[in-house]
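What follows is a single structure, written as structure tokens, with notes after it.
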Amino acid sequence: MEIKLQSIHMNRVKCRNSLRLTVDDDVNVPDNKPDVRTVIWEKGTVRLSEKKLSGGRLYLKGTLAYHMLYLSEEEGRPVQSVRGELPFDESLELPDACVGDTINVRAEVEELEIAMIHSRKFAVRALLGIMVQAEELHDARAAVEMGEAPSVHTKTRVIPVTSIVADKKDTARLREEIFLPSGKDGVAELLFWELELCNVEARAREDVLEAKGEMSLFLLWRSDREEGELESYEAMLPFKSEFEISGCREGLIDDVMFRITNENVAVKADEDGEERLVEAEAILEAEMKLYEEGEMELLSDLYATDCSMVPVYQTEEYENLLLKNDSRLRVSERLPLAEGMPGILQICRGSAEIKPDVCTREGETLNLSGVLDVRLLYISEEDDRPLQSYRTELPFTHQIEIRGLTPESTYDIRCNVAEAVFGMVRNGEAEMKAELAFSVLAMENRKEEVIVDTEREEFDENRLEELPSMIGYTVKADENLWDIAKRYYTTQEEIIRLTEHGGEVREGDLLLVVKTAGN
């Protein structure tokens, strides 16, 4: 007698681990750079170059790439910059991970401090947050129906199933060119630049995932005029890329993470020989998971009236999607400069970064708290300190509702600043208006007893003889027709026919039951 099995294609997290890693070193100022008077601005990114799984441990290699702006002792060129990299080598335990598993690594700079030791040396210290997760694709098989067998009777139930359609990592090369506006001077020396992703959206189409967004490009340079004044410019560079994914289609639930790596910005001469053509290049990395929500009808029990048939059960554990939640939080704040800081003539660059701190659960609500790290780079009123920076932390709290959330649920919260606009109120005060975006993918951990096989035996004749051929049966609490029919080797339809019953039974109902097997 054939039993039909169906596979449930799912993603299963095997193990997770995380650590905080300190990377620090003392660095000498390059010989071609003037002495350091004070550090103005610093920027750091993590670049992973190697990951290797061996003996239940994941070995990571990478670098902390840093970029520093500083005021120098040189009168003609008071603003200078230094770039560099610090290597790191670390390992984490992943005891349940195996070769062939998908290993996801997320590495971020949580804190970065660059401080002057003396005029020819500075200290770089960074705290990196590294989160690692090992996953495997798992096919759970469960019985969904029996072949044609009139004597076999089955009971089914419906369970929710979130199947993973695709789990893929890929990269795309982004390259954009812009010309500096006519109102800006040409570039004598590019001092500082930042390239960041903004407003990236993913759209699933037939066998293709489309990524559409912008790169925010900030430039700070020394003018090619004789005075060598500072100039800054910020531009939004739109882009669109496509990633081929077999099975991708509209209507799927996407869980996609984008980041840019190996970014580079260079200034080249235009047709007139002036340094006004800016080339921005980066690698767009995409971690893409696509899910499909649905239901699956499984066999939950069975029996036969011509033999003893016993279902073989197996426990399957899997993750089912609870909710994908996207929410926003608006923040508006005045930013007064500290006493003694030079006033603002012009804001060059404003940035805001979310730093989550604590996430607690109350019922079906996640309470997230943290700070918004806000920074300003501005041209000041004082000639001997032409470029200055301001930094502050603004606390925030945000609530996220997830229906069905339990202590056993897992969730991943991703935060980013969707938009931040900075303006000058007066020379000693600025203001910021920002919109914070929070995306949560919550999964429930389910355990299901599924039928994977059957065992067939001949009837126990003694057991059959003990059962009466006909009985008037009084329904007990929490009993249903299926349980009664299975116990007396008959069918629900036969009980309904003989009793002239409507089909729904309650405690105390009287039924006429006739044994079918052995008769």
Side-chain angles (χ1 to χ4, degrees), residues 37-43 67-72 77-81 112 114 178 180-187 189-199 214-223 225 227-237 265 278 328-355 371-396 416-437:
R37 178 157 57 117
T38 183
V39 177
I40 306 171
W41 191 272
E42 66 279 330
K43 175 74 174 181
H67 195 174
M68 175 186 75
L69 273 173
Y70 71 92
L71 285 179
S72 75
R77 297 186 301 164
V79 179
Q80 296 287 334
S81 66
L112 175 64
I114 300 180
I178 62 167
L180 295 177
S182 57
K184 296 288 185 180
D185 294 336
V187 179
E189 181 184 2
L190 183 60
L191 296 171
F192 189 82
W193 54 264
E194 286 184 347
L195 196 61
E196 298 177 344
L197 286 180
C198 294
N199 306 317
E214 297 172 311
M215 289 191 295
S216 169
L217 173 64
F218 169 70
L219 303 169
L220 179 72
W221 70 93
R222 184 173 293 109
S223 165
R225 291 177 181 266
E227 297 84 359
E229 295 181 349
L230 295 178
E231 289 271 21
S232 65
Y233 180 61
E234 194 164 5
M236 303 300 286
L237 310 179
V265 174
V278 181
R328 299 289 177 107
L329 175 65
R330 295 184 183 275
V331 177
S332 180
E333 288 286 342
R334 292 287 184 95
L335 308 172
L337 299 181
E339 186 175 349
M341 291 187 67
I344 302 172
L345 279 182
Q346 177 188 337
I347 295 176
C348 298
R349 171 72 164 162
S351 70
E353 181 182 357
I354 299 175
K355 293 188 174 181
V371 296
L372 190 63
D373 185 11
V374 179
R375 306 178 71 190
L376 281 179
L377 184 67
Y378 67 92
I379 295 175
S380 80
E381 296 176 328
E382 299 184 9
D383 292 338
D384 64 334
R385 294 189 291 175
L387 196 65
Q388 286 293 304
S389 64
Y390 164 86
R391 189 171 192 172
T392 190
E393 290 185 341
L394 305 175
F396 73 87
N416 69 283
V417 179
E419 183 180 18
V421 178
F422 295 83
M424 195 169 73
V425 179
R426 49 181 178 266
N427 66 351
E429 188 176 21
E431 66 175 354
M432 178 200 68
K433 293 181 179 180
E435 189 172 62
L436 315 186

>> For L71 versus P386, what's the shortest heavy-atom pair and its separation?
In response: CD2-CD, 4.0 Å
> Can you check side chain to side chain contact (heavy atoms under 4.5 Å, CB included) on F192 and K43, steps first, answer last?
Replying inline: CA-CA 10 Å; F192 189 82; K43 175 74 174 181; 4.0 Å; yes
> When you check the gap from the basic side-chain N to the acidic O, do R225 and E231 get nearer than 4.0 Å?
Replying inline: no
>> Is there a side-chain contact between L217 and E196 in this structure, where contact means two heavy atoms from C-beta onward sitting under 4.5 Å apart?
In response: no
> Less than 4.0 Å between a side-chain N and a carboxylate O, is that true for E419 and K433?
Replying inline: no
> Does any non-hydrogen side-chain atom of M424 lie less than 4.5 Å from one of E429?
Replying inline: no
> At what distance, to the nearest 0.5 angstrom, does CG of D185 lie from CG of L230?
Replying inline: 11.0 Å
>> For the CZ atom of R375 and the CD atom of E353, what is their distance to the nearest 0.5 Å?
In response: 9.0 Å
> Between S389 and W41, which heavy-atom pair has the shortest distance, and what is it?
Replying inline: CB-CE3, 3.8 Å
> Do other residues, nucleotides or ligands put more than 12 heavy atoms under 6.0 Å from the CG atom of D383?
Replying inline: no
>> For H67 and W193, take the angle between the two ring planes, folded into 0 to 90°, and tell me which bin it lands in: parallel under 30, tilted 30 to 60, perpendicular over 60.
In response: perpendicular
> If we only count heavy atoms from C-beta on, is the F218 to S351 side-chain gap below 4.5 Å?
Replying inline: no
> Quick one: side chain to side chain donor-acceptor pair (under 3.5 Å) partners of N427, sequence neighbours excluded?
Replying inline: E381
>> What I'd like to find out is whether the side chain of V417 reaches to under 4.5 Å of the side chain of E435, using heavy atoms alone.
In response: no
>> How close do Y233 and I178 get, counting heavy atoms only, and between which atoms?
In response: CE2-CD1, 3.9 Å
> How long is the gap from CD on Q80 to CG on L387, to the nearest 0.5 Å?
Replying inline: 12.0 Å
> Looking only at atom types and distance, does a side-chain atom of S380 sit under 3.5 Å from a main-chain N or O of G343, one as donor and one as acceptor?
Replying inline: no
>> Is there a side chain to side chain contact (heavy atoms under 4.5 Å, CB included) between V187 and V278? Walk through the geometry before answering.
In response: CA-CA 10 Å; V187 179; V278 181; 5.9 Å; no
> Given the rule in the side chain to side chain contact (heavy atoms under 4.5 Å, CB included) test, do L219 and L180 qualify, once you have shown the distances and angles that lead to the verdict?
Replying inline: CA-CA 10 Å; L219 303 169; L180 295 177; 4.1 Å; yes
>> Quick one, R328 and L436 - any side-chain contact, counting heavy atoms below 4.5 Å?
In response: no
> Can M432 and R334 be said to form a side chain to side chain contact (heavy atoms under 4.5 Å, CB included), step by step?
Replying inline: CA-CA 6 Å; M432 178 200 68; R334 292 287 184 95; over 6 Å; no
> From L237 CG over to M215 CE, what is the distance, rounded to the nearest 0.5 angstrom?
Replying inline: 5.0 Å
>> For R77, is there any backbone N or O sitting under 3.5 Å from a side-chain donor or acceptor partner on S72?
In response: yes
>> For the CD atom of Q388 and the CD1 atom of I40, what is their distance to the nearest 0.5 Å?
In response: 6.5 Å
> Roughly how far, to the nearest 0.5 Å, is CG of L335 from CD1 of I344?
Replying inline: 8.5 Å
>> Assess whether a salt bridge exists between E431 and R426, defined as any Lys/Arg side-chain N lying under 4.0 Å from an Asp/Glu carboxylate O.
In response: no
> What pairs with T392 under side chain to side chain donor-acceptor pair (under 3.5 Å), at least two apart in sequence or on another chain?
Replying inline: none
>> If you define the side chain from C-beta out and look only at heavy atoms, does anything of R385 sit under 4.5 Å from R37?
In response: yes
> If you look at every heavy atom in L190 and W221, which pair is closest and at what distance?
Replying inline: CA-CB, 4.0 Å
>> Quick check against the 3.5 Å criterion: does R222 have a side-chain atom that pairs as donor or acceptor with the backbone of V79?
In response: yes
> Taking side chain as C-beta onward, heavy atoms only, is F396 less than 4.5 Å from I354?
Replying inline: yes
> Would a distance-only check, ignoring hydrogens and angles, find a side-chain to backbone donor-acceptor pair under 3.5 Å from K184 to S232?
Replying inline: yes
> Which heavy atom in L376 sits nearest to a heavy atom in A430, and how many Å separate them?
Replying inline: CD1-CB, 3.6 Å
>> Could you check whether any side-chain heavy atom of E234 comes within less than 4.5 Å of a side-chain heavy atom of S216, counting everything from C-beta outward?
In response: yes
>> If I compare all heavy atoms of R391 with all of L112, which pair ends up nearest, and what's the gap?
In response: NH1-O, 4.4 Å
